[in-house]
Amino acid sequence: MSSAADEGRRVTAVVLDIEGTVGSLTHVRDVLFPYARERLAAWVRRQRGTDRYAALLRETRRLTGAPHLDEAGVIRALTTWSDEDAKVPPLKSAQALIWAEGYADGSLHGHVYPEVPTALERWGRAGIARYVYSSGARAAQHDWFAHSNLGDLTGLLDGYFDLTDAGSKREADSYRTISRAMGAAPAEILFFSDVREELDAAVVAGWQAVGVRRAEDPRGAVIEGHPTVDRLDGIRLTPWGCDGQAVVGLEEARPGRSLRRGQGQE
């Protein structure tokens, strides 16, 4: 499948993945996931008697197909999902709330690559809306940027989407849902991700798509079927016309080709 990102196409919004795109994959796997897993059981027990506790039990029972699952069973399910990196809303919600406590007391921060704030600022000046779409809960996404290693970056973003309000990142309908929520034409949205299946789904939904593979990513520099960059300033969004819209400059990047730093930049 070829990418929909072509030179001269209008871009009115960008949508960004987090892990492996704007932030480090290893930070999530080596810091955030273990932090939440170690605290899951105690956190669940602290929720007893609350609406949050009731909702957690209800959703976990529904997804496991075990309508009488008790608290211990719910904790086991959450722990198993954590070990499997399962993209399920009950786990993602619990992780977000546990991480929020860590962000609040300063023991956690989100990781953002150094060029990201500059890219977000430049796109904002060009009149391009900037959104995040991640499997992590929206609250966790917000906290990632509010407590990043580069400071509070939430002012550079216009909104967040997750599995609950959009759906699976590998399904085209999820991207159609986001388009409607944003009020943007699908063909004018540009999606950045490090996962081919997500890029493919976005293209099926009519979006433009550009792969991101950071220099340290062991999966290699190129995402097959999509132009690929190693930094967000490795692709150029330039103002187009007096209405402040933009075009994506991909003179050197073609589907399945890597555009490394120094090529086709603003």
Side-chain angles (χ1 to χ4, degrees), residues 3-9 11-31 109-134 136 141 144-145 148-158 160 169 189-200 202-203 207-240 246-266:
S3 171
D6 295 308
E7 183 180 356
R9 290 188 61 175
V11 174
T12 59
V14 295
V15 177
L16 302 155
D17 172 50
I18 295 182
E19 301 168 31
T21 301
V22 302
S24 170
L25 276 171
T26 57
H27 182 73
V28 177
R29 295 172 180 171
D30 297 344
V31 178
H109 68 270
H111 177 269
V112 175
Y113 286 106
E115 89 287 355
V116 171
T118 300
L120 293 172
E121 289 171 354
R122 186 173 68 242
W123 296 338
R125 288 196 302 269
I128 300 167
R130 304 148 299 176
Y131 289 85
V132 172
Y133 177 30
S134 174
Q141 297 175 33
W144 179 292
F145 290 98
S148 86
N149 57 309
L150 302 178
D152 186 353
L153 304 179
T154 55
L156 300 178
L157 295 165
D158 298 295
Y160 309 87
K169 296 180 71 181
I189 303 172
L190 176 60
F191 180 52
F192 291 93
S193 175
D194 64 315
V195 177
R196 179 185 176 183
E197 292 82 359
E198 297 175 3
L199 297 166
D200 289 347
V203 170
W207 291 23
Q208 303 182 58
V210 170
V212 180
R213 281 290 168 82
R214 296 287 173 170
E216 69 274 17
D217 195 314
R219 294 170 295 178
V222 175
I223 299 177
E224 183 181 354
H226 301 278
T228 308
V229 297
D230 62 352
R231 303 165 55 98
L232 293 191
D233 57 3
I235 192 167
R236 179 163 53 93
L237 298 181
T238 56
W240 181 38
V247 294
V248 55
L250 289 167
E251 303 93 300
E252 301 297 332
R254 298 295 179 226
R257 180 173 179 180
S258 175
L259 176 61
R260 313 307 288 180
R261 182 161 173 75
Q263 296 177 281
Q265 293 181 56
E266 190 175 48

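Values below: all heavy atoms of this structure, side chains included; hydrogens, waters and symmetry mates excluded.
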Worksheet item: Between D233 and R122, does a salt bridge (charged side-chain N to carboxylate O under 4.0 Å, His left out) hold up when you go through it step by step?
Response: CA-CA 10 Å; D233 57 3; R122 186 173 68 242; 5.9 Å; no
Item to complete: Identify the heavy atoms of H226 and G211 that sit nearest to each other, and give their distance.
Response: CB-N, 4.3 Å
Discussion item. Once rounded to the nearest 0.5 Å, what's the spacing between atom OG1 of T12 and atom CD1 of I128?
Written reply: 8.5 Å
Practice prompt. With rounding to the nearest 0.5 Å, note down the distance linking CD in Q141 to OG1 in T154.
Written response: 13.0 Å
Discussion item. Could you report the tightest heavy-atom contact between I223 and S193, atom names first, then the distance?
Written reply: CD1-O, 3.8 Å
Worksheet, complete the sentence: The ring pair (Phe, Tyr, Trp, His ring centres under 6.0 Å) partners of Y133 (sequence neighbours excluded) come to Y175
Worksheet item: Hey, mind stepping through L16 and V116 against side-chain contact (heavy atoms from CB on, under 4.5 Å) and telling me if it holds?
Response: CA-CA 11 Å; L16 302 155; V116 171; 5.8 Å; no
Worksheet item: Should L232 and W123 count as side-chain neighbours, where that means a heavy-atom distance under 4.5 Å?
Response: yes
Worksheet, complete the sentence: Closest non-hydrogen atoms of S24 and W144, given as atom of the first, atom of the second and distance, are O-CH2, 4.4 Å
Practice prompt. Let me see the working for L120 and L153 under side-chain contact (heavy atoms from CB on, under 4.5 Å), right down to the final yes or no.
Written response: CA-CA 9 Å; L120 293 172; L153 304 179; 5.5 Å; no
Worksheet, complete the sentence: P117 and V112 have their tightest heavy-atom pair at CD-CG1, 4.3 Å
Worksheet entry | Spacing of E216 atom CD and D230 atom CG [to the nearest 0.5 Å] | 9.5 Å
Worksheet item: So which heavy atom on F191 is nearest to which on D17, and how close?
Response: CE1-N, 4.2 Å
Discussion item. For N149 and H27: C-alpha separation, side-chain torsions, deciding distance, then whether side-chain contact (heavy atoms from CB on, under 4.5 Å) applies.
Written reply: CA-CA 11 Å; N149 57 309; H27 182 73; over 6 Å; no
Worksheet item: Under the 3.5 angstrom rule, does the side chain of D158 hit a backbone N or O of R130 as a donor-acceptor pair?
Response: yes
Response to the item:
To the nearest 0.5 Å, atom OG1 of T21 lies from atom CZ of R213 at 9.5 Å
Worksheet item: What heavy-atom pair brings V11 and V14 nearest, and what distance separates the two atoms?
Response: CG1-CG1, 4.3 Å
Fill in: Student check: side-chain heavy atoms of V22 and F145 closer than 4.5 Å
yes
Worksheet item: If you round to the nearest 0.5 Å, how far is OG1 of T118 from CG of L150?
Response: 9.5 Å
Discussion item. Can you confirm whether R219 sits close enough to D194 that some side-chain heavy atom of one is under 4.5 Å from a side-chain heavy atom of the other?
Written reply: yes
